[in-house]
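Read through the structure below, which is laid out as structure tokens, and then see the notes.
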2 protein chains.
Amino acid sequence: MDYFELYHPGLSVDCVIFGFHDNELKVLLLKMKNSKQWAVPGGFVKKQEDVDDAAIRVLKERTNIEDIYLRQFHLFGQKNRSDDSYVDSLVQDHVIREDMDSWFRQRFITVGYFALVEFSKVTPSPDQNSERCEWVPLTNIPDLILDHQEIINEALKALRNKLRFGPVGKNLLPPKFTMTELRTLYETILGEELDRRNFQRKMLSFGILDKLDETRKGGAHKAPFLYSFNEEKYNQKLIKGFDTIW
Amino acid sequence: MDYFELYHPGLSVDCVIFGFHDNELKVLLLKMKNSKQWAVPGGFVKKQEDVDDAAIRVLKERTNIEDIYLRQFHLFGQKNRSDDSYVDSLVQDHVIREDMDSWFRQRFITVGYFALVEFSKVTPSPDQNSERCEWVPLTNIPDLILDHQEIINEALKALRNKLRFGPVGKNLLPPKFTMTELRTLYETILGEELDRRNFQRKMLSFGILDKLDETRKGGAHKAPFLYSFNEEKYNQKLIKGFDTIW
DNA sequence: CATTAATATGTCATAACGACACAATGAAAA
DNA sequence: TTTTCATTGTGTCGTTATGACATATTAATG
């Protein structure tokens with residue numbers, strides 16, 4: 001396999017994959033072979049492949065799911081994103097073959113994507129250069145390679161921005177969920193508490209939720225009603241967004 | 001000059017430069033040599049240059065101003081953005097030298113930036129491949145090369161999005177301006193009319209304007225007061241943004 | 001069956017919003 | 001000089017949205 005033949009030079013994609021589980025926002029990370037460092041799932045872009053499609057491919061390979069919410073959020077193009085010492089260690093640790101040395105020593109720019117996935121649907125699988133693929137809580141991110149911490153930070157900013165623009169949740173929650181679960185998702189993404197009662201009033205006013213007749217039994221207390229997103233109205237709000245300031 | 005030596009392969013930047021004049025939103029465009037088509041100002045990225053710096057450089061070269069508002073808004077990475085027939089015509093029209101043929105026939109991805117500039121400060125100058133550099137009203141965009149129309153469309157979306165997030169205007173208006181001029185700027189960007197009185201109330205409530213003691217005389221009617229942006233408070237709002245929904 | 005802890009719903013004072021009325025002003029016309 | 005007129009400056013008013021908080025309801029527990 002000749003990287004130079006196959007891939008667009010000096011270009012990669014990285015996918016910050018968000019999931020929501022145990023009331024925590026998590027990202028899918030790769031544990032690098034023979035290293036203590038972790039990485040955001042990424043890959044190269046084939047010469048005859050849309051950049052977006054490369055991101056979709058990476059996502060599919062790491063999670064085994066398709067058709068999920070995926071958006072480009074930033075291009076990371078600093079000249080010193082990588083340096084030779086990083087590639088030195090990759091070669092030393094036998095993470096990459098020596099004949100691929102010159103490919104990895106290129107200057108790379110990378111396109112950041114963030115994905116919102118339903119936690120339970122994901123089957124994590126590592127890639128060539130990693131030994132494990134795991135969900136990691138955002139509150140507990142380990143040491144990451146290169147500028148991957150910054151990539152995650154920017155992805156979170158983009159996600160927060162998306163939250164203020166339109167609805168979020170259909171891609172992160174199971175089909176049926178309680179109002180508390182939805183609110184906790186928002187609280188987790190925003191990093192702040194929201195008033196339970198006012199949240200419900202406002203969320204319902206958007207008209208994107210269907211209140212189901214079921215309740216979630218089995219909890220220790222009063223059984224909360226279940227809700228689901230109204231596909232049609234949810235998608236309308238996705239496009240039009242919430243109240244514009246102007 | 002050897003492009004392959006100098007520049008990062010398969011990568012360009014394009015800058016959608018917005019200006020506001022005669023109550024119209026305009027973009028700075030280049031008229032291609034020996035062609036009826038126009039283009040958004042762009043350039044390549046030097047091998048040892050941040051992508052952002054390449055955009056700054058392009059901007060400086062076309063407008064002769066620096067330190068202006070410039071933000072990356074999207075990477076255009078479709079595999080068929082360009083095609084051979086386009087390069088054929090470039091060579092035929094002697095826009096590019098024949099020995100540079102192979103450089104231009106690469107697959108290119110391009111990073112879109114949008115800039116907000118004060119119209120009167122700009123001194124437009126064409127580049128190697130163009131014969132003119134002019135302001136063109138957004139309402140009257142001519143035939144553009146490649147996907148440049150889409151690039152402008154996306155830039156406008158990004159600008160509109162910026163408008164709902166925080167203050168806009170310091171970079172597009174002269175230091176002193178009337179409330180009507182500011183409102184017209186907003187109306188032009190949004191493409192809709194805004195109530196004169198409610199706009200003023202809301203804009204003042206942000207606390208980013210200083211009302212000056214001067215009025216703009218010389219108009220045909222009552223002389224309107226002049227305002228300027230309060231640098232400190234404007235910048236605060238730029239970072240924090242306006243009212244969040246949540 | 002009472003207790004408990006969480007859910008469901010409502011209230012209330014205040015702020016924000018959209019629509020609109022009317023007075024003030026300064027250049028231009030009479 | 002006086003009147004006209006378009007535009008600016010400011011205010012009002014009814015409605016809706018918001019934040020803070022009170023109270024009733026309910027499923028599981030002991």
Side-chain angles (χ1 to χ4, degrees), chain A residues 22-23 163-167 169 173-174 176-188 190-228 237 240-246, chain B residues 22-23 163-167 169 173-174 176-188 190-228 237 240-246:
Chain A
D22 286 341
N23 285 347
L163 209 67
R164 70 158 62 191
F165 191 86
L173 293 172
K176 299 175 181 181
F177 49 87
T178 67
M179 189 61 78
T180 299
E181 286 165 347
L182 180 58
R183 178 172 45 82
T184 306
L185 170 63
Y186 271 69
E187 289 176 336
T188 309
L190 292 171
E192 57 177 317
E193 291 206 344
L194 301 172
D195 184 273
R196 187 170 56 85
R197 297 152 285 191
N198 296 335
F199 176 87
Q200 171 150 342
R201 176 173 53 185
K202 194 160 193 171
M203 184 57 76
L204 289 177
S205 77
F206 293 145
I208 57 173
L209 292 179
D210 289 334
K211 186 174 185 173
L212 307 180
D213 284 333
E214 312 168 55
T215 54
R216 162 140 330 150
K217 312 257 178 178
H221 307 290
K222 176 174 178 178
F225 279 100
L226 289 173
Y227 293 85
S228 65
K237 286 286 182 187
K240 292 194 175 182
F242 293 150
D243 6 351
T244 55
I245 303 274
W246 303 106
Chain B
D22 286 340
N23 284 348
L163 209 68
R164 70 157 64 191
F165 190 88
L173 293 173
K176 299 175 180 181
F177 50 87
T178 68
M179 189 61 80
T180 299
E181 288 166 346
L182 180 58
R183 178 171 46 82
T184 307
L185 171 63
Y186 272 67
E187 290 176 335
T188 309
L190 292 172
E192 58 178 318
E193 291 206 343
L194 300 171
D195 184 273
R196 184 173 61 87
R197 295 151 288 191
N198 296 335
F199 176 87
Q200 172 149 342
R201 177 173 52 185
K202 194 160 192 173
M203 184 56 76
L204 288 176
S205 77
F206 294 145
I208 57 173
L209 291 179
D210 289 334
K211 185 173 186 174
L212 307 179
D213 284 333
E214 311 168 55
T215 54
R216 158 123 40 200
K217 311 258 177 179
H221 307 289
K222 175 171 180 179
F225 279 100
L226 289 172
Y227 292 84
S228 64
K237 286 286 181 185
K240 291 195 176 182
F242 294 149
D243 7 352
T244 54
I245 304 273
W246 304 104

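Throughout, a chain's letter reflects where its sequence line sits, starting with A, and its residues are numbered from 1.
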Just do the side chain to side chain contact (heavy atoms under 4.5 Å, CB included) check on A:Phe206 and A:Asp243 with the steps written out, would you?
CA-CA 10 Å; A:Phe206 293 145; A:Asp243 6 351; 4.3 Å; yes
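- Close to C:dC17, at under 4.0 Å from its OP1 or OP2, lies a side-chain N or O of B:Lys202.
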Within the 4.0 Å limit for protein heavy atoms, which parts of nucleotides 21-30 of chain C are touched? Write it as a string from 5' to 3', B for base, S for sugar-phosphate only, - for none.
B--BBSS---
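- Residues A:Lys211 and A:Leu204 form no side-chain contact, since every pair of their non-hydrogen atoms from C-beta on lies 4.5 Å or further apart.
- Nucleotides of DNA chain D with any atom under 4.0 Å from a heavy atom of chain B span, from 5' to 3', D:dA6 to D:dT12.
- B:Thr178 comes within 4.0 angstrom of no nucleic acid atom, judged by non-hydrogen atoms across all strands.
- Atom CG of A:Asn198 and atom P of C:dT14 are 17 Å apart (whole Å).
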Any chance you could lay out the side chain to side chain contact (heavy atoms under 4.5 Å, CB included) test for B:Thr184 and B:Glu181, step after step, and finish with the verdict?
CA-CA 5 Å; B:Thr184 307; B:Glu181 288 166 346; 5.6 Å; no
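- Projected onto DNA chain D by closest heavy-atom contact, A:Arg216 and A:Ser205 fall at different nucleotides, the more 5' of which corresponds to A:Ser205.
- Nearest heavy atoms, A:Thr178 versus A:Pro224: CG2-CG, 3.6 Å.
- Side-chain atoms of A:Leu209 and A:Leu182, non-hydrogen and from C-beta on, do get closer than 4.5 Å to each other.
- Distance, B:Glu192 CD to C:dG18 C1': 14 Å, rounded to whole Å.
- Summarising the geometry, the separation between CZ on B:Arg201 and P on C:dA15 is reported as 14 Å, rounded to the nearest angstrom.
- Computed from coordinates, the A:Leu182 CG to C:dT7 P distance equals 13 Å when rounded to whole Å.
- Residues A:Glu192 and B:Trp246 have side chains not in contact (no heavy-atom distance under 4.5 Å, counting atoms from C-beta outward).
- One interatomic measurement links the two molecules: CD of A:Glu181 to P of C:dT7, which rounds to 10 Å at whole-angstrom precision.
- The closest side-chain heavy-atom distance from A:Thr215 to A:Leu226 is not below 4.5 Å.
- Looking at B:Glu214, B:Met203, B:Gln200 one by one, the single match for side-chain contact (heavy atoms from CB on, under 4.5 Å) with B:Tyr227 turns out to be B:Gln200.
- Remark: A:Asn23 engages no residue in a side chain to side chain donor-acceptor pair (under 3.5 Å) (not counting sequence neighbours).
- The CD-C1' distance, from A:Gln200 to C:dA6, rounds to 13 Å in whole Å.
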